[in-house]
Structure formats: C-alpha cells, structure tokens
There are 2 protein chains.
Amino acid sequence: MPRLAGQIDLSKSEAILDAAVLVLAERGVAAPMEEIARRARVSKQTIYNHYGSKAELVRALCERRMVEFAAPLEAAGAAGHPAQALTDIARILLSPLLTPQYLTLLRTAMASAAVMPEVAAALYEAGPRASRRRLADFLGAETAAGRLACPDPLEAAEFFAGMVVSSRQTAYLLGLPLALTEPQVNAIAAEAAHRFLRAYAP
Amino acid sequence: MPRLAGQIDLSKSEAILDAAVLVLAERGVAAPMEEIARRARVSKQTIYNHYGSKAELVRALCERRMVEFAAPLEAAGAAGHPAQALTDIARILLSPLLTPQYLTLLRTAMASAAVMPEVAAALYEAGPRASRRRLADFLGAETAAGRLACPDPLEAAEFFAGMVVSSRQTAYLLGLPLALTEPQVNAIAAEAAHRFLRAYAP
DNA sequence: CATTAGTTGGACCCACCGGTCCAGTCAGGC
DNA sequence: GCCTGACTGGACCGGTGGGTCCAACTAATG
C-alpha cells in the first residue's frame, strides 16, 4: 500500500467508495458514516479527510462509478449486421442491471435528487443519457446507410432502450428479486433487436 | 367536518396523506413527521392515532394512492382499431408521469425498499405490474382475433410499456425537469403505437 | 534523526427526529 | 348537562448520526 508523500492514500479513497456502495445498498441513504468507515477498514476521520462531507462522498460515488457502466457501449455497434449489433447493444444495456452496484447508484441518486439535484442530473447525463445518445448515433448511421429507417434516431433510441431495460429496472429498483440468467438476457436482447428491426425496417 | 361518534375523523386521514406526499416530495424519506403534521393542520399525535408509525404511514400512502394511477387502464382498449386502442393505452401509461405525486410515490417506495420490501413490492404489484398484465390481456385478445401477432403477450406488453415510459421515467426520478406537454404526449403515444404495430403485425 | 503529514480510534458535541405523555378543549351521544 | 373520545399544542425522552477534536502512531522526506 504505497503512500505518496504529502498526499492522501488513493487506495483508501477507492476502498471508501467500495464500502459506501455496500453500506448504501443495505441501509439506504440513511447509512451511517461510521459503518462505511468500519467496512472500509478506515477511520471516520479519514473519510472526512478524503471527501469532506457525506454529501460530497455521495457525489463522488455517483460521478466516478456511473461512468464505468456507460463505457462498454462506446465500443459496441461496429459489427456488420444490424441485427447482431442491436443484440449486442441490448445485452450491454441490460448488463448493469445484473450488478447490485448499479442499483445502489441509481437508488442513491434518486433518493438524493430532492436535496442535491446536480448529482442526480450528472449521473443521468453520464449514464442513461450517454447511452441513448450513443445508440442514436448508431441508428442515425444505419439509417444513412439505408439499412434502417429512423426519422428521429434519438426517439428510436429511447424506444429501444426502453424496451430492453424499462420494466425490469423499475421492478429492480422497487426491490423485487431480478432473477435474470445469462440465457434470458440473450433471449430478451435478441427478441428486442428482432422486433425493433421490424418496426424500423426501411 | 362530520365526525362520527367513537371514530377517527376520516377527512383528517386523507389530509395527512396529502400532506405526506407534499413533504416527502420536498424532503425525501427523511421528512420529519412534525412537518407533515403542520402541513396537514393536524397535531403530531393525531398522525400517530391514525397510522401508528411513520413506516405505517408510508405503507398506507403507497398502497392507497398507487391504485388510483392504475385504475384508468382498466377501461381502455375497448376501441375498435388496434392503432387507436394502443395510442389510448400509451397516453394512459404516460399520464402518471405528468403528476408529481406519482413521482413521489415511486421515489418513496424505492428509498424504503431496502428497509420495507413488502411496501415496494405491493406498490409494484398494484401499479406497473397490473398495467403490464392488463396490456398483455389486450394484446393476447388482439392476437387471438388475428389483428396482431404476439407470441408472448406479456413480453410484448413490457416492450410497449418500456418504449412509452422508460427513459422519461428514469430522468424524472433523477430530478430532471420533465417538460412534457399534452401534444408531445399525444405524439409519443401515436408514434409508439405505430412502431409497435409494425413490429407485431401478423 | 527530526520533520511533516496522513491515519487511527475513540471520546465528544449537537442537532434532529421518532415516538410518548399530558393537560386542556371541543363535539356528539345519552 | 354529563360522559366519551378524538383532537390540540407543546413539553419531553432517548437514540442516532453528522461532524469535530485530540493524543498517539507511522511512514515517507531531507
């Protein structure tokens, strides 16, 4: 655990965020700082050294961690056949729902939205909104290439993302057990892509 | 203000729920009971007379109020042409998002999900899930009549509901201003219905 | 080796909030 | 006119949790 001179221990910063996700998942926004500290094997004071306040910790958590979930989509969509590309994209859109961390992030941001609107807005921008935009770009390109006919790519992107994610996400946020296996994900992705292609065939 | 003998004042029960929605909207789950009481023009003790505890108040709020949002869908779908029927349904699915109360209900349930799973589950059952099931019935009937081809009506229903509601709901829950005008709602509803019909044409 | 700075654990302060209690009031039922 | 029972307002209690403080420790730097 190297510690650079005159600087805070960055590995502890990460450990704190990790612990925060865990504790927030269990106890919601009311999660006490003391337990986060305990879980991160760090003193409470250290948390305040790193983040200054609970609000700031939550802000950092949402901003830094959400980006990771949006990243995989950047690479996707290059595959030749639109059906395959859309299936891949659908799988990627669905994958965050398989990790409890994503759930915690969303819940935390939603719960804090009334008090700290900027955090929730930033998280939306970095996560769902970025995904939609990326998807819209893809749909626009396919339309230009004559393989699809999306007059309004952004709307089409929201439709597709909605098909794939929507009801499952709502249920998940409401605490229902989301028993989603790998084959199920694949089936949903393929079916959504299939239906979407029919809806927007040239 | 009629008050039946030997009974609590039911109009106050309602006033408390109304006030609770307001305060929860502003302050989230951390909203203090005292402010709910003040807003309802009722003493704190009265709230405890009516609901026993804060958790119980939240439970009552979610259960009683969510039903109202799911109700309008029961009537819909009778119209002849599927395109018209689907447009109507889409409008109804979208309409709760126009009221801040629905937002508050969802947020509160999601925030309490970690602590009181039954409440969130009940709310999901009474709201979104009931809508999906109702929609699936409609799609199944249309399929039987040969006007649609939905091999899996429940999945198709989730797809359609997702298209209409999804991304907007997520943004809304994250506190983004949802500037949705009546004509916009109509446009989205019509477009979603149109695309869905293409996707599931016989 | 002395300095500096982050870390630790634990005591501590204080505000807030859920929930209770109580004395007094007010409306119906008898 | 008296009893019953809900309602009021406000005091009150106790737990909890954000945030601070401090003395002792430790690891890089020079």
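In this text, all values refer to a predicted model and were calculated from it rather than measured experimentally. Here is the naming used below: chain letters follow the sequence lines, and residue numbers restart at 1 for every chain.
Residue pairs meeting the side chain to side chain donor-acceptor pair (under 3.5 Å) criterion with at least one member in residues 114-131 of chain B, sequence neighbours excluded: B:R59-B:E118, B:E125-B:R133.
Between B:S43 and D:dG9 there is no side-chain N or O to OP1 or OP2 distance below 4.0 Å. Between B:H50 and D:dC7 there is a side-chain polar atom (N or O) within less than 4.0 angstrom of OP1 or OP2.
Residues forming a side chain to side chain contact (heavy atoms under 4.5 Å, CB included) with B:S13 (at least two apart in sequence, or on another chain): B:I8, B:L10, B:H50, B:Y51. A:T87 pairs by the side chain to side chain contact (heavy atoms under 4.5 Å, CB included) definition with A:R91, A:A189, A:A190, A:A193, not counting sequence neighbours. Taking B:R27 as the reference, B:V23, B:A31, B:P32, B:E35 meet the side chain to side chain contact (heavy atoms under 4.5 Å, CB included) condition, with sequence neighbours excluded. Residues passing the side chain to side chain contact (heavy atoms under 4.5 Å, CB included) test with A:L97, sequence neighbours excluded: A:L94, A:Y102, A:V165, A:R168, A:Q169, A:Y172, A:L178.
Regarding A:R38, its CZ atom lies at a distance of 15 Å from the P atom of C:dT8, rounded to whole Å. The separation between B:E35 atom CD and C:dG18 atom C1' is 15 Å, rounded to whole Å. B:K12 places its NZ atom 14 Å from the P atom of C:dC26, with the value rounded to the nearest Å. Put simply, CZ on A:R41 is 15 Å from C1' on C:dG9, counting in whole angstrom units.
Each of B:R65, B:R39, B:R64 was evaluated against B:D18; a single residue qualifies, B:R65, per the salt bridge (Lys or Arg N to Asp or Glu O under 4.0 Å) test.
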*Summarise protein proximity over nucleotides 14-22 of chain D in one line of letters, 5' to 3': B for base, S for sugar-phosphate only, - for none, counting protein heavy atoms closer than 4.0 Å.*
---SSBBB-
